[in-house]
Amino acid sequence: MTAEAPSARTPQSAKTLTDLNAPQQRAVALPVTQPPTHGLILAGAGSGKTRVLTTRIAWLLAGGQARAHEILAVTFTNKAAREMTTRLAAQTAVNVRSLWIGTFHGLCHRLLRLHYREANLPQSFQILDVTDQLAAIKRLCKTLNIDDEKYPPRELQYFINAHKEKGLRAGEVETWDDITRKKAEIYAEYEAQCQREGVVDFAELLLRAFELLSRNAPLRTHYQQRFQHILVDEFQDTNRLQYDWLKLLAGGGAAMFAVGDDDQSIYAFRGAEVGNMRDFEREFAGKQVIRLEQNYRSHGHILAAANALIQHNRERLGKELWTDAGAGEPIRVYEAASDQDEAGFVVDEARALVEEGSSRSQIAVLYRSNAQSRVLEHELFSRGVAYRVYGGLRFFERQEIKHALAYLRLIANPDDDTAFLRVVNFPTRGIGARSLENLQASARQINASLYTAAASLSGKAAVTVGGFVRLIESLRAAIVALSLPEQIEQVIEHSGLAGHYQNEKEGQERLENLDELINAAAVFAGSDEATHADESGGMLPAFLGYASLESGERQAGEGEEAVQLMTVHAAKGLEFDVVFITGLEQGLFPHDNAISDARGLEEERRLMYVAITRARQRLYLSSAQTRMLHGQTRYAMPSQFLVELPPECLKLLSRQKSARSDAAFWREGFVSFKRPPAAARERVDGAPEFPGGLKLGMNVRHAKFGFGVIIDAKGSGEEARVEVNFGSAGIKWLALAYAKLESAST
DNA sequence: TGGGAGTGCTTTTTT
DNA sequence: AGCACTCCCA
C-alpha cells in the first residue's frame, strides 16, 4: 500500500490508460494476484513497447498495487534504462530513485557491491571490459606457456564467455576432446587469476550474482520477497544465464512481466536465446500472452513489406502488424551498377529530400556491415552533405581514458595486474620487457600480485619498478581527502599522463578528453547513481564501475542536423522518417556466413525486418551489382529478401527515363530480381575472358541452379572452373568441361 | 624504445 | 584496401 494519497494521482493514471489501445491496456493493467499473473507481451516494432512498460510501472504504483522498492525493471542498455527512468519520472509522483531500474550487468554489479563478502570478492573489486579481459587472457597464456597459435586468445575469450553465459564454470564444461579439455583448464586458470587480482569480467558479474543468490538462502529469500514485480525489456535478447537469473529472483512469487519481439531477435550470434520466449510460455504458469500488433510508426506499404518478409521465417511465435495510417508511398527500389553508383543515388535522393524540407537527422542510411560506410561517407563528404556515423570508438574506450582509469584502478585495487601492466611503463619510465618478465616471475613465486612483488624488489629494478610503486603510493596518499573530480585531476597531472600528451604532436585532443573525464566524474558525483553506489566502498570504486559498464556515448550526436549512418544492428530501437537500406545483395545481406544454415538465414531475415520497420514514411532499398570488398571487386545478385517482398509495395527507380507507365515499370523491375539485369553487360567489358567465351561478371544460366553471375574463375582449358553466384540457389564452383553454362546476357 | 616493415584478418555488438 | 598486431633493427 502506498501511504500517500493514491487518489490524487488516480485520475491522471486513468487518463494515461485510456490513451492506450485495448491490448496495451490489458497489458498495463494485468491484475496483481496471488499466485502471480505473469505477462508475456509480444510487442511488435513500433507498437508502443516502452510506453506499455513504463505505464505498467506507473499503474502499479499509482493504484497502490506495489510499492516502489518492490519493483525491479531490467533492460539491456544503459540508454534504455535511462529512458525508462526519465519517462517514469514524468508519469508518476513516486520517487523513481527507490526503484531498481538498470541493465542486467548494472543490477548484478550493485548486488555484488552490496554483498561483496558473501560473493567472495574484495571490496575494491574492479570490472574488466572486453579489452581488459583479452589482455588478461593473453597475459595468462604467456605465464602458462600456451601456444597462442593453437589456442588463440580471442577464441579462449569466446569459449570462457560462452560458458559463463550458459551458467557453466570451468569444472562443468563438457569436454569431449583434448582441445576442449585444455581450453577448460585455461578457463579454470583464468578464473583463478581473476580471483587473485580481484577483478570480474562482464559475464562474471552475472554468473557471480546468480551464484550468490542461488547459494545463499537468506539473501535469496530476501530479494525474492522484496521484488514482487520483475519487468524485463527486450526479452528476446536474454541469454540462458540472464533467464535463469530472472527465474531465480522470481522464484518467491514475484510477477514477471516480459516484453519482447521474437521477430526482432538479432543477437543470437552473441548468445541471445529467442527460445527463452517459448520457455517462458511453458515454464511460467498463470501467464498471459498479449500481442501488441498495432503499429504507430510506419505507413502501410512499409508494414506490408515487413509482414510479408518475416512470414518466410518458420520459427516464429506469430504476430502481424497493422496500422490505420494509409498505405503511404511505395517502397523505392534501386539497383545500382556499383557501390559508388549506389552511394551517388543515396546522396542524390537525400539532397533532394533536404531541399524539399526534410530534416537531415530524420534520414538514416543503413548497411549490414561497417565496411560499407566508407563509400557512402566519401560521397556524402565530397558533395557537402552533413552526416554522422554511429559506431567506432566510445569515450571510455579511448586510449588516454583507459590509461587514466588504470592509474585510478591501481590506486583503488593494487592487485589489478591488468591495470598495473597497462601503465607501469606509460609514460615510459625505463621499465622494459626484461624487468617485467623478472617481476612476473617473482610475483608467481611468492603467489602475489605484480604490485606486491614490485615492492620487494632489489637491485636496479628496485629503482625503476619500485619508483612506479612509490608513485602510486604517493598518489593514493595525495588524493585521499579530495573530491572525486579533484582526485582524477591530480592523478592525470602527477602520473605524468598530462605531460606526456602535452609533448605529443596529436596530444591536444587527448588532453581535452582527459578534461572531459574530470567533467564526467563531476557529473557522476552529483548523480543518483553515485548515491546508490557510494553506499558500498566509496566514490572512486563506484565511478570506476560506472566507467566500465557505461562505455559512453558514441561519437555521433543523435539529434544533430546530419544524415545518420549506421549498421542495421545499431538502428534497432530507433526510427526515422526516411530510411535507406543499402547493399541488398546476396552474400552481403543476407551475409555469406549466414546463408548456409536455416537459423542463420532466419536471423538475417529478422535483421532485414528490423531495418524495414525503422522507417516511418519513406523507405529506399538499394543493391549494387559490383562492390569493392577487401580490396577486390565482387559481383553479386540482388538479395533474396527483395524477391520476398510483395511487388505491389515496390516501385523500381531507374536512371533511364521510361516511356512506360509506373505500373508496368515496377513490374519489369520486380522480374529483374529473378533474372540478371541487362545492365550487367556493361561490367563484362574489360573483364578477363575464360574458355567458352565466358567472362568474370557475366550473367549465366544453369539448367538446375537457374540464373547467376560469374564471380571467380580458376584454371584453364579442360581444368577451367568458374564460381557462380546463383542467388538463393547458392554459390557454386563449376567445371566448365561438365557444367552446361549458357550466357544469359542479352 | 620507438618506429618501420611485414603479416593476417575482415558480420553484426552491449555490458 | 585498410587496419591492427608483431617483430626486428637502429
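Numbered from 1 within each chain, the chains take letters A, B, ... in sequence-line order.
- Rounded to an integer number of Å, the gap from CD of A:E397 to P of B:dT14 is 8 Å.
- Taking the C1' atom of each, C:dC5 and B:dT12 are spaced 23 Å apart, rounded to whole Å.
- Nucleic acid contact for A:F202: base, since at least one base atom lies under 4.0 Å from a heavy atom of the residue.
- Applying the 4.0 Å criterion to OP1 and OP2 of B:dG2, one finds that A:T428 has a side-chain N or O inside that range.
- Heavy-atom distances to DNA chain B give each of A:V130 and A:E603 a nearest nucleotide, and the one nearer the 5′ end belongs to A:E603.
- The two residues A:H569 and A:I266 make their nearest non-hydrogen contact at NE2-O, 3.3 Å.
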I need a per-nucleotide contact map over nucleotides 2-10 of chain C, read 5' to 3'. Cutoff is protein heavy atoms under 4.0 Å; write B for the base, S for backbone only, - otherwise.
SS-------

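- Separating the CG atom of A:D233 from the P atom of B:dT14 is a distance of 16 Å, rounded to the nearest angstrom.
- Put simply, CG on A:L206 is 11 Å from C1' on B:dT14, counting in whole angstrom units.
- Proximity of A:T582 to A:F589: side-chain heavy atoms (C-beta onward) are nowhere separated by under 4.5 Å.
- Per the stacking criterion (ring centres < 5.5 Å, plane angle < 30°), A:F269 stacks onto the base of B:dT12.
- Distance CG (A:D129) to P (B:dT14): 13 Å, rounded to an integer number of Å.
- Atom-to-atom, CD of A:E602 to C1' of B:dT12 comes out at 17 Å; the value is rounded to the nearest Å.
- Remark: C1' of B:dT15 and CG of A:L549 are 6 Å apart, rounded to the nearest angstrom.
- Side-chain atoms of A:T613 come within 3.5 Å of backbone atoms of A:V610 as a donor-acceptor pair (strictly under, hydrogens ignored).
- Nucleic acid contact for A:F104: none, since no nucleic acid atom lies under 4.0 Å from a heavy atom of the residue.
- A:V568 comes within 4.0 angstrom of no nucleic acid atom, judged by non-hydrogen atoms across all strands.
- In terms of phosphate contacts, A:N425 brings a side-chain nitrogen or oxygen within less than 4.0 Å of OP1 or OP2 of B:dT1.
- Among residues at least two apart or in separate chains, ring-ring contact (aromatic ring centres under 6.0 Å, His included) pairs with a member in residues 133-161 of chain A are A:F159-A:H163.
- Using a 4.0 Å heavy-atom cutoff across all strands shown, A:I431 reaches sugar-phosphate atoms only and no base atom.
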Spell out protein contact along nucleotides 3-11 of chain B as letters: B when the base is contacted, S when just the sugar-phosphate is, - when no protein heavy atom is under 4.0 Å; keep the 5' to 3' order.
-------BB

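- When all heavy atoms of A:Q264 and A:Q236 are compared, the pair lying nearest together is O-NE2, 3.9 Å.
- Ion pairing between A:E315 and A:R599 fails under the 4.0 Å rule for side-chain N and carboxylate O.
- Using a 4.5 Å heavy-atom cutoff, the side chains of A:V74 and A:W100 are not in contact.
- Taking atom CG on A:L366 and atom C1' on B:dT12, their separation rounds to 13 Å, with Å as the unit.
- Distance CG (A:D237) to P (B:dT12): 17 Å, rounded to an integer number of Å.
- Looking only at distances, a side-chain donor or acceptor of A:R113 sits under 3.5 Å from a matching main-chain atom of A:F125.
- The side chain of A:T567 contributes an N or O atom lying less than 4.0 Å from OP1 or OP2 of B:dT13.
- Within the nucleic acid shown, A:N78 comes within 4.0 Å of sugar-phosphate atoms alone, with no base atom in reach, counting heavy atoms only.
- Looking at heavy atoms from C-beta onward, A:D261 lies out of side-chain contact with A:K49 at the 4.5 angstrom threshold.
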Under the side-chain hydrogen bond (donor to acceptor under 3.5 Å, both in side chains) criterion, do A:E400 and A:N513 qualify, and how do the steps go?
CA-CA 8 Å; A:E400 61 276 19; A:N513 286 330; 2.8 Å; yes

